[in-house]
Amino acid sequence: SQKIEQNSEALNIQEGKTATLTCNYTNYSPAYLQWYRQDPGRGPVFLLLIRENEKEKRKERLKVTFDTTLKQSLFHITASQPADSATYLCAPMDTGRRALTFGSGTRLQVQP
Amino acid sequence: DSGVTQTPKHLITATGQRVTLRCSPRSGDLSVYWYQQSLDQGLQFLIQYYNGEERAKGNILERFSAQQFPDLHSELNLSSLELGDSALYFCASSVGTLREYGYTFGSGTRLTVV
């Protein structure tokens, strides 16, 4: 069956460091993958979309990589700030699917 | 404000009851998606509508139903409620294909069944 794995343990890092979050997927052949940020009790917010032919995508301090051979996406936040503390969700998407399936998310805590 | 409006924000009701959750998508978005988020399950896709028609179904219980109206707002009906239905219910909309665009989520309705 299809599976999306994100580290369930919280990631704690110091302000200013680079945070790296991992999304592994099984039994998917995603044509693209999306990342979202979710704060407690609020709806997720769309951050980035990367396609299978795009190995890397950047937006301000965010960088996403997509390795279809390893079946993995990495999400990086450089120069992290306490305001980046949130849960980050990934959603790989197969061609032909009409709705996103989300991983359970990784909680990031940036310490000042 | 994301542009997706969900009402009510909070709902407390008893087991066996029926409730209706409402969602108005962002202006111009034709697709509406409903998700359930509970502590132990993460975000679970329930159902999608596009311009009034059902397009995709996820793990939606038979006790749950939804519809999208001509003005594109959507309602999720939950009946014969059980304690386990307590969760955050999110509505999301999208402007076009998910190949190009992400979802815009509303702020959710927190349902508590007692």
Side-chain angles (χ1 to χ4, degrees), chain A residues 1-10 21 23-25 28-54 57 59 62 64 66 73 75 86-107, chain B residues 1-6 9-10 21 23 25-26 29-51 53-60 66 87-112:
Chain A
S1 63
Q2 292 184 321
K3 201 172 176 183
I4 304 167
E5 290 182 36
Q6 293 188 258
N7 196 340
S8 58
E9 289 183 18
L21 285 68
C23 174
N24 295 301
Y25 52 88
Y28 275 92
S29 297
Y32 50 96
L33 188 146
Q34 299 191 11
W35 282 90
Y36 288 74
R37 167 189 172 134
Q38 186 175 24
D39 292 285
R42 302 179 72 94
V45 174
F46 171 69
L47 296 175
L48 279 167
L49 180 154
I50 185 166
R51 296 178 183 82
E52 60 181 335
N53 61 349
E54 297 173 316
K57 197 145 187 190
K59 179 183 172 183
L62 308 181
V64 171
F66 193 11
S73 176
F75 178 83
T87 296
Y88 291 86
L89 308 167
C90 74
M93 185 80 165
D94 285 340
T95 305
R97 290 277 185 150
R98 295 187 183 276
L100 295 176
T101 301
F102 290 88
S104 54
T106 298
R107 189 162 60 90
Chain B
D1 181 9
S2 67
V4 176
T5 304
Q6 288 189 248
K9 291 196 183 309
H10 302 277
L21 313 184
C23 168
R26 203 175 51 163
D29 288 0
L30 299 178
S31 282
V32 168
Y33 307 80
W34 285 97
Y35 282 82
Q36 179 192 56
Q37 187 173 41
S38 52
L39 281 173
D40 57 346
Q41 288 288 324
L43 267 171
Q44 298 291 312
F45 170 62
L46 296 177
I47 197 163
Q48 179 211 0
Y49 279 83
Y50 176 83
N51 202 20
E53 292 189 3
E54 181 186 305
R55 278 293 180 93
K57 244 178 176 175
N59 301 322
I60 188 165
L88 264 171
Y89 290 84
F90 287 108
C91 163
S93 69
S94 68
V95 64
T97 169
L98 294 175
R99 288 178 166 273
E100 303 286 336
Y101 304 97
Y103 288 159
T104 301
F105 279 88
S107 55
T109 294
R110 183 174 293 279
L111 173 66
T112 303

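Each chain gets a letter, A, B and so on, in the order the sequences are listed, and its residues count up from 1. This structure is a prediction, so every number in the text was calculated from the model and none was measured.
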- prompt: Heavy-atom distance under 4.5 Å to chain A: side chain of Y101(B), backbone, both or neither?
  reply: backbone
field: Under 4.5 Å from any heavy atom of chain A - which part of F90(B)
entry: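 Side chain of F90(B) only, per the 4.5 Å heavy-atom cut-off to chain A.
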statement: The single option from Y36(A), Y88(A), Y25(A) that satisfies ring-ring contact (aromatic ring centres under 6.0 Å, His included) with F102(A) is Y36(A)
- request: Kindly compute the distance separating CD1 (I60(B)) from CZ (F45(B)), expressed to the nearest 0.5 Å.
  value: 8.5 Å
Could you pull out all donor-acceptor pairs under 3.5 Å where a side-chain atom in residues 38-51 of chain A meets a protein atom, sequence neighbours excluded?
from: Q38(A); atom 1: OE1; to: Q37(B); atom 2: NE2; distance (Å): 3.0
from: Q38(A); atom 1: NE2; to: R42(A); atom 2: O; distance (Å): 2.7
from: Q38(A); atom 1: NE2; to: Q37(B); atom 2: OE1; distance (Å): 2.9
from: D39(A); atom 1: OD1; to: R37(A); atom 2: NH2; distance (Å): 3.1
from: D39(A); atom 1: OD2; to: R37(A); atom 2: NE; distance (Å): 3.1
from: R51(A); atom 1: NH2; to: R99(B); atom 2: O; distance (Å): 3.2
from: R51(A); atom 1: NH2; to: E100(B); atom 2: OE1; distance (Å): 3.0

query: So which of A99(A), S104(A), A91(A) has the biggest tally of heavy-atom pairs under 4.5 Å with chain B?
result: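 Looking at each option in turn, the highest pair count goes to A99(A).
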message: Within a 6.0 Å radius of atom CD on Q2(A), are there more than 12 heavy atoms belonging to other residues, nucleotides or ligands?
response: yes
- request: Under 4.5 Å, counting heavy-atom pairs only, tell me which of G102(B), A56(B), G42(B) racks up the most with chain A.
  value: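 With the most close heavy-atom pairs to chain A, the winner is G102(B).
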